[in-house]
Amino acid sequence: MNTTVRDQLCVDTLRFLSVDMVQAANSGHPGLPLGAAPMAYVLWTRFLKHHPADPDWVDRDRFVLSAGHGSALLYSLLHLTGYDLSLDEIKHFRQWGSKAPGHPERGHTPGVEVTTGPLGQGFANAVGMAMAETQLAARYNRDGHTVVDHRTWALVSDGDLMEGVASEAASLAGHLKLGKLVCLYDDNLVTLAAGTDITFTEDRARRFEAYGWQTIHVRDGNDLAQIDAALKQAVAETQRPSLILVRTLIGFGSPGQGTFKVHGSPLGVADVQKTKEKLGWPSEPSFLVPEAARVRFHEALEHGAQAQDQWRSRAQAYALAWPELARELDARLHAQLPADWSTPIPVFPADAKGMATRVASGKVMNAIAANLPALSGGSADLDPSTNTALKDLGDFSPTRRDGRNLHFGVREHAMGAIVNGIAAHGGFIPYGSTFLIFSDYMRPPIRLAALMGLHVVHVFTHDSIALGEDGPTHQPVEQLASLRAIPNLTVIRPCDANETAEAWKVAVETRDRPVLLVLTRQDVATLDRTRYAAADGLRRGAYVLNRNSGQPRIVLIASGSEVALILAAAEILEQEGVAARCVSMPSWELFDAQPRDYRESVLPPDVPARLAVELGVAQGWRGYVGDRGDVLSVERFGASAPAKTLLKEYGFSVENVAARARALLAIPS
């Protein structure tokens with residue numbers, strides 16, 4: 001069999017495995033696989049450095065299917081090249097328990113780098129991966145010793161490029177000159193509901209050129225030689241990321257080719273038959289893999305083993321020449337923390353004036369950064385306000401690749417998706433930072449980080465109406481409840497500097513989910529821990545600050561800055577003969593994970609009088625205060641005024657907390 005015939009056989013194998021998957025499930029997206037199979041084939045067999053027998057090899061190329069709806073194509077590639085994804089699994093595409101779910105899921109299917117489907121996210125993830133590779137290479141490679149050297153590839157769609165997150169990420173990628181990032185654009189002029197002529201007629205190539213990208217056109221998406229030449233041109237470019245615009249025909253070969261009708265619905269039995277006939281493919285059996293195609297695709301196993309063996313030899317030589325760096329890199333790539341990473345974390349002395357928890361957070365970050373080389377990140381143009389700059393560790397830029405401060409610009413959405421890509425790449429504990437109110441711009445990547453179980457730290461400051469004069473546009477009210485609703489996300493709102501230090505310990509040590517720190521703009525007192533319980537109680541999510549000698553009549557619960565309010569109110573109640581227990585509850589998620597006996601020791605079932613105090617909506621607090629409890633909360637938007645005025649007007653005063661407690665106990669004020 002000559003090469004041309006074999007290549008076409010392989011392309012059509014990809015197409016019809018995908019079509020048969022979608023048809024068997026009676027659900028899915030056949031259009032993209034039929035149109036994009038040629039570019040995927042050329043990339044995966046001629047350019048992609050990977051080892052299917054070891055999907056986690058650290059120096060592999062990363063491939064992101066940003067157009068996650070085309071998952072059938074990715075599963076076909078994974079199966080054919082030898083990943084642990086059997087034919088039986090893909091025959092059960094989109095079915096319960098299958099390793100081939102409707103959209104690619106990281107950790108569920110071997111070879112899937114990131115969870116994709118929400119359009120634009122994968123594109124921005126790929127930018128993060130390219131940034132990660134670039135920073136690692138700058139820190140660890142030495143003359144004659146290259147141990148970090150791989151590329152990031154993405155397959156993107158019209159829908160991806162329409163999404164704002166992709167525009168944000170593309171702008172940053174061009175600025176940073178990420179030459180090892182290549183995006184193959186399935187330029188088929190069709191979206192889910194119509195042709196792009198009704199919504200998307202800009203010159204995409206010129207837009208990306210303005211961002212600082214190299215753009216390459218492939219006029220015929222079925223021409224393997226054109227695709228090959230374009231990929232070679234992209235690889236040769238070292239100063240700019242590349243966008244390869246590949247003109248394809250969605251649903252190629254099917255009766256509905258070129259129309260939105262083949263985007264997101266099975267072709268149907270009759271049209272599957274017609275498509276196979278048109279492209280010269282046997283109508284039976286379904287899920288056919290010709291032997292010649294299997295042999296060709298399985299060459300990836302041999303090529304991958306050779307590439308990995310060559311890398312191992314380089315890594316061994318590197319370890320002899322640079323043993324300390326080699327140990328550090330290996331620990332990072334295996335997510336191992338240095339033994340002494342937390343030793344420099346300060347213990348903050350009691351201080352009635354105290355400091356904002358955002359300030360305490362900055363002090364902790366800078367204390368641990370030198371001992372924790374994996375820590376890297378930045379903010380959406382807010383470092384002076386969020387206190388997230390790592391001093392003397394440099395800015396990641398086109399001229400300094402080892403800088404650990406990442407400047408995202410005013411691009412919150414892209415920041416969230418980029419730090420996800422950095423975390424998915426491996427070797428980092430990445431963080432992103434902005435004001436809590438702007439978490440709304442980041443909700444999709446926060447949710448995806450939780451879904452993927454990525455080790456990402458979000459540092460959100462200016463956490464309540466107490467930020468003051470900026471007014472309701474900048475004052476979060478519903479954000480805490482919204483974020484706490486996301487499964488597998490740990491939200492921590494510390495009450496003082498020492499709880500903030502403990503929160504950072506939890507954030508660094510937590511491996512299987514993102515952690516979100518919620519911090520104040522205003523100063524809060526640093527509690528006297530000789531008088532109150534130690535701050536390491538934060539690790540259990542909630543803990544008793546003041547243990548009374550007798551049974552409490554009421555439990556006061558708060559998070560963050562409001563803890564000081566309940567402590568002061570408890571003193572007033574104590575003077576009136578009312579025993580009040582004060583509970584700091586910085587993290588619902590950590591508390592809910594505790595054994596029942598611990599939770600009941602903090603919130604005794606036989607003390608139904610409970611008052612929760614938090615500068616946010618009450619949603620969710622009923623589970624802790626019960627039907628006979630109460631919540632002092634904020635149930636309307638904020639206002640523009642000095643913080644002290646706002647707190648008084650909204651009822652967040654010591655006197656009002658005490659009054660609400662008396663009301664629960666039916667004690668006259």
Side-chain angles (χ1 to χ4, degrees), residues 6-7 10-11 13-14 17-18 32-33 36-68 70-85 104 106 109-114 116 122-123 125-127 129-130 132-133 148-156 178-186 216 218 221 224-237 241-244 246 293-311 421 424-426:
R6 183 200 61 185
D7 286 345
C10 290
V11 169
T13 301
L14 287 173
L17 271 182
S18 302
L32 183 147
M39 70 176 96
Y41 169 69
V42 175
L43 173 61
W44 276 63
T45 59
R46 303 182 191 177
F47 292 88
L48 189 70
K49 182 178 72 172
H50 64 127
H51 189 192
D54 187 2
D56 297 324
W57 170 35
V58 297
D59 202 40
R60 69 191 182 280
D61 286 357
R62 271 63 170 177
F63 174 77
V64 176
L65 181 66
S66 189
S71 60
L73 176 60
L74 178 56
Y75 300 145
S76 297
L77 290 161
L78 293 170
H79 167 69
L80 290 169
T81 54
Y83 285 82
D84 183 19
L85 185 65
R106 175 182 171 86
T109 310
V112 171
E113 299 285 359
V114 286
T116 56
F123 183 104
N125 293 162
V127 172
M129 291 175 171
E133 191 275 344
V148 179
D149 183 16
H150 51 268
R151 297 183 181 278
T152 303
W153 311 86
L155 197 162
V156 307
L178 300 176
K180 286 188 173 181
L181 172 64
V182 181
C183 293
L184 284 156
Y185 168 26
D186 183 25
I216 307 167
V218 173
L224 304 190
Q226 284 188 41
I227 296 167
D228 184 90
L231 287 166
K232 286 177 179 174
Q233 184 179 340
V235 168
E237 173 59 58
S242 295
L243 180 74
I244 304 176
V246 185
R294 186 173 296 282
V295 170
R296 169 62 173 142
F297 279 110
H298 269 199
E299 291 175 6
L301 289 163
E302 180 183 353
H303 295 159
Q306 291 173 353
Q308 189 170 9
D309 285 344
Q310 292 168 2
W311 174 81
H425 177 280

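Numbers here are sequence positions counted from 1.
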Restricting to non-hydrogen atoms, name the atom on G68 and the atom on T116 that form the minimum distance, rounded to 0.1 Å. CA-OG1, 3.4 Å
Pairs touching residues 37-48 that satisfy salt bridge (Lys or Arg N to Asp or Glu O under 4.0 Å), sequence neighbours left out: D7-R46, R46-D228
Correct closest heavy-atom pair for L14 and F297 would be CG-CZ, 3.8 Å
Could you walk me through whether M39 and D186 satisfy the side-chain contact (heavy atoms from CB on, under 4.5 Å) test, starting with their C-alpha distance in whole Å, then the side-chain angles of each, then the deciding distance to 0.1 Å, before giving a yes or no? CA-CA 9 Å; M39 70 176 96; D186 183 25; 3.9 Å; yes
Residues V182, V235; criterion side-chain contact (heavy atoms from CB on, under 4.5 Å); working and verdict: CA-CA 8 Å; V182 181; V235 168; 5.6 Å; no
For M129 and E113: C-alpha separation, side-chain torsions, deciding distance, then whether side-chain contact (heavy atoms from CB on, under 4.5 Å) applies. CA-CA 10 Å; M129 291 175 171; E113 299 285 359; 3.9 Å; yes
Here the pair of heavy atoms bringing R296 nearest to C10 is CG-SG, 3.5 Å
Shortest non-hydrogen contact from L301 toward T81: CG-O, 3.7 Å
Measure the spacing between CD1 of I216 and CD of Q226 and express it to the nearest 0.5 Å. 12.0 Å
Spacing of K49 atom NZ and W311 atom CH2 [to the nearest 0.5 Å]: 9.5 Å
With side chain to side chain donor-acceptor pair (under 3.5 Å) as the test, pick out the partner of H150 among E133, H425, K180. H425
Donor-acceptor contact present, side-chain S66 to main-chain V156, <3.5 Å: no
Qualifying residue for side chain to side chain contact (heavy atoms under 4.5 Å, CB included) with P104, from V64, V112, T109: V112
Taking all non-hydrogen atoms of both residues into account, name the closest pair between L17 and S76 and its distance. CB-OG, 3.4 Å
I'd like to know whether the aromatic ring centres of H50 and W57 sit less than 6.0 Å apart in this structure. no
Which value, rounded to the nearest 0.5 Å, describes the distance between L181 atom CG and E237 atom CD? 12.0 Å
Where the side chain of D59 meets the backbone of D149, is there a donor-acceptor pair that is under 3.5 Å apart? yes
Restricting to side-chain contact (heavy atoms from CB on, under 4.5 Å), what partner residues turn up for V11, sequence neighbours left out? Q8, R15, A37, P38, Y41, L224
Would D54 and R60 pass as an ion pair if we require N to O under 4.0 Å? no
Gap between atom CG of L65 and atom CG of L184 - 0.5 Å precision: 11.0 Å
Atom CH2 of W153 and atom CD1 of I244: how far apart are they, to the nearest 0.5 Å? 7.0 Å
Are L77 and Y83 packed together at the side-chain level, in the sense that at least one heavy-atom pair is separated by less than 4.5 angstrom? no
Full working for side-chain contact (heavy atoms from CB on, under 4.5 Å) between W44 and L80: CA-CA 11 Å; W44 276 63; L80 290 169; over 6 Å; no
Taking all heavy atoms of L78 and all of G111, pick out the closest pair and write down the distance. CD2-CA, 3.9 Å
Atom pair CD/OG1 of E299 and T45 - distance to nearest 0.5 Å: 8.5 Å
